[in-house]
Structures are given as C-alpha cells and as structure tokens.
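These numbers were taken from a predicted model, which means no experiment stands behind them. Just the heavy atoms: all of them, side chains too, but no hydrogens, waters or symmetry mates, feed the values below.
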Amino acid sequence: MQNVRKRQGTTGQPSTLHSKPVAKEKAASKNRFHCDLWLFLTMENWILDFGRPIIMIMLPLEWFPLNKPSAGDYFHMAYNVITPFLMLKLVERSPRALPRSAVYLCIITFVMGASIHLVGDSINHRLILSGYQLHLSVRENPIIKDLKPASLIESFELLYFYDEQLGHLLWYIPFFLILFLYFTGCFTRAKDQNRIPVSGWLLLGPSAVYYWYLVTEGQILELFLLTFLAMAAVVIQQRRKGLSPDSNGLFLFWSFSVTSALVLAWVAFLWNDPVLRKKYPGLVYVPEPWSYYTLHIKDGH
C-alpha cells in the first residue's frame with residue numbers, strides 16, 4: 001500500500017509542478033501590452049464609427065434609397081456588435097479581477113445606447129441629404145420650421161433628444177466606465193512593465209484622435225474630463241503604495257492626455273466663430289466637427 005501511495009504521489013506531483021508555469025504564463029500575458037486588442041479597437045473605431053458618416057457621403061445615393069438602411073447604418077450595426085465584444089476581451093485581460101455585475105451592466109447599457117443612436121443617426125443623415133443643416137437648431141432649420149402641423153417640429157426635437165442626448169449618454173457613460181475600471185487594474189511594481197512599447201506609441205496618435213472625435217462630436221467633454229481626473233487620482237493613490245501604471249495603463253493615460261490637448265486646440269481654433277457660438281451657448285463651448293463641416297466645408301464657404 002505504501003508503494004502504491006508513493007507511486008500516486010509521484011504521478012500527481014508533475015501536474016502540480018506544471019500548473020505553476022502555466023499560471024505564471026497567464027499572469028505574464030495579462031501584464032503584456034495588448035497590441036492586438038488596442039489595434040483592433042483603434043481600427044474598428046476609425047472605420048465603423050469615424051468612417052461611418054464619411055462612407056455615407058462618398059457612396060452614391062442611388063445605391064441606398066432613403067427608405068432603406070445606408071452603408072453607414074450597416075457600419076453602425078457592426079460597431080454595436082464588435083465594440084462590446086472587444087471591450088469584454090479587454091476586461092478579461094485585466095491583471096485585477098473586475099466586478100462582473102458592473103461590467104455586464106455597462107455592456108448591456110452600451111449596446112442599448114448605441115442602438116438608440118443607430119436609429120436616430122440614420123434618420124438624421126437622411127435629413128442632411130434633404131437639406132438639414134447641423135449648425136442650426138431643430139426649429140431654426142429651413143426644412144423643419146415650415147412643417148405643418150407645427151406639432152411635427154416637436155417630434156423632430158424628440159428624435160434629436162434620442163439621437164444626440166439620451167443615446168450618447170447611454171453609449172458613452174458605460175464606454176468610459178469600462179475603460180476606467182480596466183485602468184484601475186493596470187498597476188505594477190515591475191519596472192520592466194511600465195514602459196510603452198514602440199507599437200503602443202504608434203497607436204497612441206490614432207487612438208487620441210478618435211477620442212477627440214468622440215468628445216467633440218458626442219458632446220461629452222464633462223464625462224471625458226471626469227474620467228481623466230479620476231484616472232489621475234488613481235495614479236496618485238497607487239504611487240503612494242509604490243505602484244505605477246503598466247504599459248497598458250500608460251497607453252490609456254497618455255491617449256487621454258493627448259486628447260485633452262487636441263480638444264483644447266479645437267476650441268481655441270473656433271473660439272470666435274459667431275454661428276457656432278450661437279449653436280453651442282453656455283459655459284462649455286465644444287463645437288461638433290460635423291457642424292463645422294456643414295457650415296464651412298459642405299457649402300463651400
């Protein structure tokens with residue numbers, strides 16, 4: 001019996017020894033720079049979100065009748081599926097276990113908000129093709145203010161609310177919340193892990209430009225700044241514990257830093273524009289790029 005037990009012990013021992021290197025490999029993979037995920041996120045954001053209205057302008061209207069989904073709508077549908085999937089994969093690679101309930105609620109809300117925006121933005125694009133001007137309010141648009149009965153104007157204002165306000169909030173709040181939750185787990189004591197590789201520096205510019213588009217076109221400067229300040233507060237808190245952001249955390253933090261500079265430059269560039277000033281009154285003045293397009297570029301001004 002003792003020999004049998006010895007043999008069982010010796011046969012079971014290698015599996016324990018092999019499990020340690022496997023666990024170390026998994027931990028190391030989570031701490032590496034996620035070039036593949038950041039690349040996929042950057043590419044699909046540029047193509048499916050930023051490129052969505054561009055492809056609608058470039059393709060002939062005859063290919064996509066006004067009563068059918070446009071190419072941009074199909075881009076938006078793909079975005080609504082691919083982006084939450086990539087966000088979940090990013091959360092899976094977090095060095096620290098994140099609260100599952102919060103992640104699930106964020107993903108569900110994200111899909112809901114992006115889907116609301118899909119419908120509103122699709123109709124809004126058709127209004128642009130019919131002469132709607134983005135730099136004017138709903139009631140000031142020539143094709144809207146003469147509608148009969150006048151109650152139809154309120155219906156278009158409701159559409160604007162779903163598209164530009166509710167849809168954006170339900171879309172962007174969970175998006176930035178997931179990035180922040182992921183960032184809170186990106187801290188390490190290892191000095192060899194707190195440097196951005198060359199691939200990260202190459203992706204940083206395109207990533208920051210996309211976030212600039214997200215902040216300005218989505219009109220979410222307050223949400224972006226709140227997330228950025230929260231990230232800075234976490235950095236200060238973790239440094240007191242002797243921890244510093246790893247390569248993925250640094251990539252996110254520097255992307256947001258460059259985005260802040262781009263938004264500041266954009267606001268300074270259009271600071272004295274009287275038409276856009278009227279469209280975006282109040283203390284926070286951040287003109288939308290597509291409003292600038294319909295005002296200064298589309299009509300050849």
Side-chain angles (χ1 to χ4, degrees), residues 30-52 79 82-96 98 103 106 110 114 168 171-188 193-239 243-269 286 288-289:
K30 288 187 176 182
N31 289 327
R32 291 196 206 102
F33 182 71
H34 308 319
C35 181
D36 55 342
L37 282 181
W38 294 124
L39 176 62
F40 290 148
L41 272 170
T42 303
M43 288 181 59
E44 66 98 21
N45 284 333
W46 269 80
I47 296 172
L48 300 179
D49 191 18
F50 183 73
R52 173 167 44 86
Y79 174 90
I82 296 174
T83 303
F85 174 76
L86 292 177
M87 299 293 282
L88 284 173
K89 299 302 291 184
L90 186 65
V91 168
E92 287 179 5
R93 295 193 191 180
S94 173
R96 183 175 67 90
L98 302 178
V103 172
C106 284
F110 174 91
H168 282 185
W171 178 2
Y172 295 133
I173 289 177
F175 178 82
F176 282 99
L177 183 56
I178 287 181
L179 289 179
F180 173 73
L181 289 174
Y182 172 78
F183 179 79
T184 59
C186 296
F187 287 85
T188 181
Q193 295 176 5
N194 58 6
R195 291 191 297 269
I196 302 178
V198 176
S199 57
W201 288 114
L202 293 176
L203 288 172
L204 195 146
S207 177
V209 171
Y210 172 73
Y211 290 138
W212 162 82
Y213 173 76
L214 214 60
V215 171
T216 54
E217 188 64 29
Q219 294 292 285
I220 53 167
L221 178 63
E222 298 91 338
L223 174 61
F224 171 78
L225 290 178
L226 182 63
T227 306
F228 190 30
L229 291 175
M231 290 168 62
V234 172
V235 171
I236 295 173
Q237 180 188 23
Q238 294 295 332
R239 285 193 182 279
L243 301 173
S244 58
D246 62 13
S247 56
N248 296 287
L250 284 174
F251 175 78
L252 261 180
F253 192 81
W254 277 108
S255 295
F256 276 41
S257 300
V258 176
T259 300
S260 302
L262 292 175
V263 172
L264 184 62
W266 174 254
V267 172
F269 173 65
V286 183
E288 297 174 68

Set of residues satisfying ring pair (Phe, Tyr, Trp, His ring centres under 6.0 Å) with respect to F40, sequence neighbours excluded: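 With sequence neighbours excluded, F40 shows a ring pair (Phe, Tyr, Trp, His ring centres under 6.0 Å) to no residue whatsoever.
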Residues which pass ring pair (Phe, Tyr, Trp, His ring centres under 6.0 Å) with F228, listed by chain and number, not counting sequence neighbours: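 Scan of F228 (ring pair (Phe, Tyr, Trp, His ring centres under 6.0 Å), adjacent residues dropped) gives F253.
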Quick check: closest heavy atoms across [X] and [Y], and the distance to 0.1 Å?
| X | Y | value |
| --- | --- | --- |
| A208 | S255 | CB-O, 3.6 Å |
| L214 | I220 | O-CG1, 3.6 Å |
| F251 | G200 | CE1-O, 3.3 Å |
| T216 | E288 | O-CG, 3.5 Å |

Separation between [atom1] of [X] and [atom2] of [Y], rounded to the nearest 0.5 Å:
| X | Y | atom1 | atom2 | value |
| --- | --- | --- | --- | --- |
| M43 | I82 | CE | CD1 | 10.5 Å |
| S247 | H34 | OG | NE2 | 7.5 Å |
| T188 | N248 | OG1 | CG | 11.0 Å |
| F176 | L225 | CZ | CG | 10.0 Å |

Listed partners of E217 passing side-chain hydrogen bond (donor to acceptor under 3.5 Å, both in side chains), at least two apart: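 For E217, no residue satisfies side-chain hydrogen bond (donor to acceptor under 3.5 Å, both in side chains) once neighbours in sequence are set aside.
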R93/D36 ion pair, N-O < 4.0 Å: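 Salt bridge: yes.
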Side-chain heavy-atom pair V91, I178 within 4.5 angstrom cut-off: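 Yes, at least one pair of side-chain atoms sits under 4.5 Å.
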Given Y211, F180, F256, the one that forms ring pair (Phe, Tyr, Trp, His ring centres under 6.0 Å) with F224: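 Exactly one candidate clears the test, F256.
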Aromatic ring pairing F183/F187, orientation class (parallel under 30°, perpendicular over 60°, tilted between):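 Answer is perpendicular, since the angle exceeds 60°.
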Derivation of the side chain to side chain contact (heavy atoms under 4.5 Å, CB included) call for R239 and S244: CA-CA 6 Å; R239 285 193 182 279; S244 58; 3.9 Å; yes
Side chains of Y210 and D49, donor plus acceptor under 3.5 Å: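 Yes, because at least one side-chain N or O of Y210 sits under 3.5 Å from a partner of the opposite role on D49.
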